[in-house]
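Since the structure is predicted, the reported quantities are computational estimates derived from the model, not experimental observations.
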Amino acid sequence: MRPVGRRDQARAINLTTTRQFYDGRDTREVPRKHVEVLPDGTQVKLGTPVDNTRRRTTTLTDEQRAQWTALGMRW
């Protein structure tokens, strides 16, 4: 098993935060400059990573793509 690096941690945080964003709204469109606030008060700049994920689908693994698709990501 490969060690978890910063990039993997960031992807996990973005996935979790996107889930929070989607759960609280009827839309699946995250504004590019959107900042989501986690329950612990941490602010996550969510819009840019979601937009980049959508644009760079070829860099995702099948598992990552499946996770985002399960959330309802509009590709």
Value rounded to 0.5 Å, distance of [atom1] in [X] from [atom2] in [Y]:
X: D8; Y: I13; atom1: CG; atom2: CD1; answer: 11.0 Å
X: T18; Y: Y22; atom1: OG1; atom2: OH; answer: 6.0 Å
X: M73; Y: R54; atom1: CE; atom2: CZ; answer: 5.0 Å
X: Q67; Y: T16; atom1: CD; atom2: OG1; answer: 9.0 Å
X: R11; Y: Q64; atom1: CZ; atom2: CD; answer: 4.5 Å
X: Q20; Y: L38; atom1: CD; atom2: CG; answer: 5.5 Å

Minimum-distance pair of heavy atoms, taken over all atoms of L71 and L15: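 Looking at all heavy atoms of both residues, the closest pair is CD1-CD1, 3.4 Å.
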So which pairs with a foot in residues 38-75 pass ring pair (Phe, Tyr, Trp, His ring centres under 6.0 Å), sequence neighbours left out?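 Qualifying pairs, neighbours excluded: none.
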Per the salt bridge (charged side-chain N to carboxylate O under 4.0 Å, His left out) rule, what does the pair list look like for residues 37-50, sequence neighbours excluded? none
Any salt bridge linking E36 with R25? Criterion: basic side-chain nitrogen under 4.0 Å from a carboxylate oxygen. yes
If the threshold is 4.0 Å, N to carboxylate O, is there a salt bridge linking R19 and D23?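 Looking at D23 together with R19, the answer is no, because their closest N to O distance does not fall below 4.0 Å.
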Partner of R55 under side-chain hydrogen bond (donor to acceptor under 3.5 Å, both in side chains), chosen from T53, T57, D51: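 So, applying the side-chain hydrogen bond (donor to acceptor under 3.5 Å, both in side chains) to R55 and each of T53, T57, D51, only D51 qualifies.
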In the single-linkage hydrophobic clustering (I, L, V, M, F, W, Y; side-chain heavy atoms under 4.5 Å), do V50 and V44 co-cluster? no
Same cluster for V30 and L60 if Ile/Leu/Val/Met/Phe/Trp/Tyr side chains link at under 4.5 Å?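 Yes, V30 and L60 fall within the same hydrophobic cluster.
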